[in-house]
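Count residues from 1 along the sequence. For the numbers below, each heavy atom of this structure counts, side chains included, while hydrogens, waters and symmetry mates do not. Source: prediction; values computed, not measured.
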Amino acid sequence: MSDQHETQRLSRARWVLYGFLAIAGFFLFTEHRAHVLGILPYLFLLACLLMHLFMHHGHGGDGQHSHHHDSSEGEPK
């Protein structure tokens, strides 16, 4: 019975922590809204730059993928 009581206490403590974090996040956002919303355009530009850099890594042409076909492969002898 002691283990069940201990898990109930941990579960209740977890919910209290979640509530505290939600309230703290709400007040942080409302008090610093101008700072958070003011930086969003710059974060969008940074995201575009990072997507451009990381999503074009396959266009390199480093010679690993050879598309050279021998003309004698498909011809009967």
Side-chain angles (χ1 to χ4, degrees):
M1 179 127 181
S2 176
D3 292 335
Q4 183 182 6
H5 188 32
E6 186 69 25
T7 57
Q8 275 185 332
R9 191 179 328 162
L10 287 176
S11 177
R12 184 177 297 166
R14 185 173 293 150
W15 279 108
V16 169
L17 176 66
Y18 291 155
F20 174 75
L21 289 176
I23 292 169
F26 172 76
F27 282 118
L28 276 172
F29 180 74
T30 56
E31 292 295 323
H32 299 284
R33 186 180 318 167
H35 306 295
V36 172
L37 296 179
I39 201 170
L40 280 180
Y42 299 110
L43 289 177
F44 179 72
L45 289 173
L46 180 65
C48 290
L49 175 68
L50 290 175
M51 284 188 348
H52 181 77
L53 288 175
F54 288 115
M55 295 181 79
H56 283 290
H57 65 83
H59 296 285
D62 52 355
Q64 291 181 356
H65 302 287
S66 176
H67 294 290
H68 176 51
H69 296 286
D70 191 11
S71 62
S72 65
E73 280 183 6
E75 297 175 9
K77 292 184 180 182

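- Every residue meeting the side-chain contact (heavy atoms from CB on, under 4.5 Å) condition with F44, not counting sequence neighbours, appears here in chain and number order: C48.
- Here L53 sits in one hydrophobic cluster together with L49; the rule is ILVMFWY side chains under 4.5 Å apart, joined directly or through other members.
- There is a path of hydrophobic side-chain contacts, each under 4.5 Å, that joins F54 to L46.
- The hydrophobic cluster containing V16, built from Ile/Leu/Val/Met/Phe/Trp/Tyr side-chain heavy atoms closer than 4.5 Å, comprises no other residue.
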Only pairs under 3.5 Å count here: list side-chain donor-acceptor contacts from residues 20-40, not counting sequence neighbours, and write none if there are none.
residue, atom, partner, partner atom, Å
T30, OG1, F26, O, 3.2
T30, OG1, F27, O, 3.1

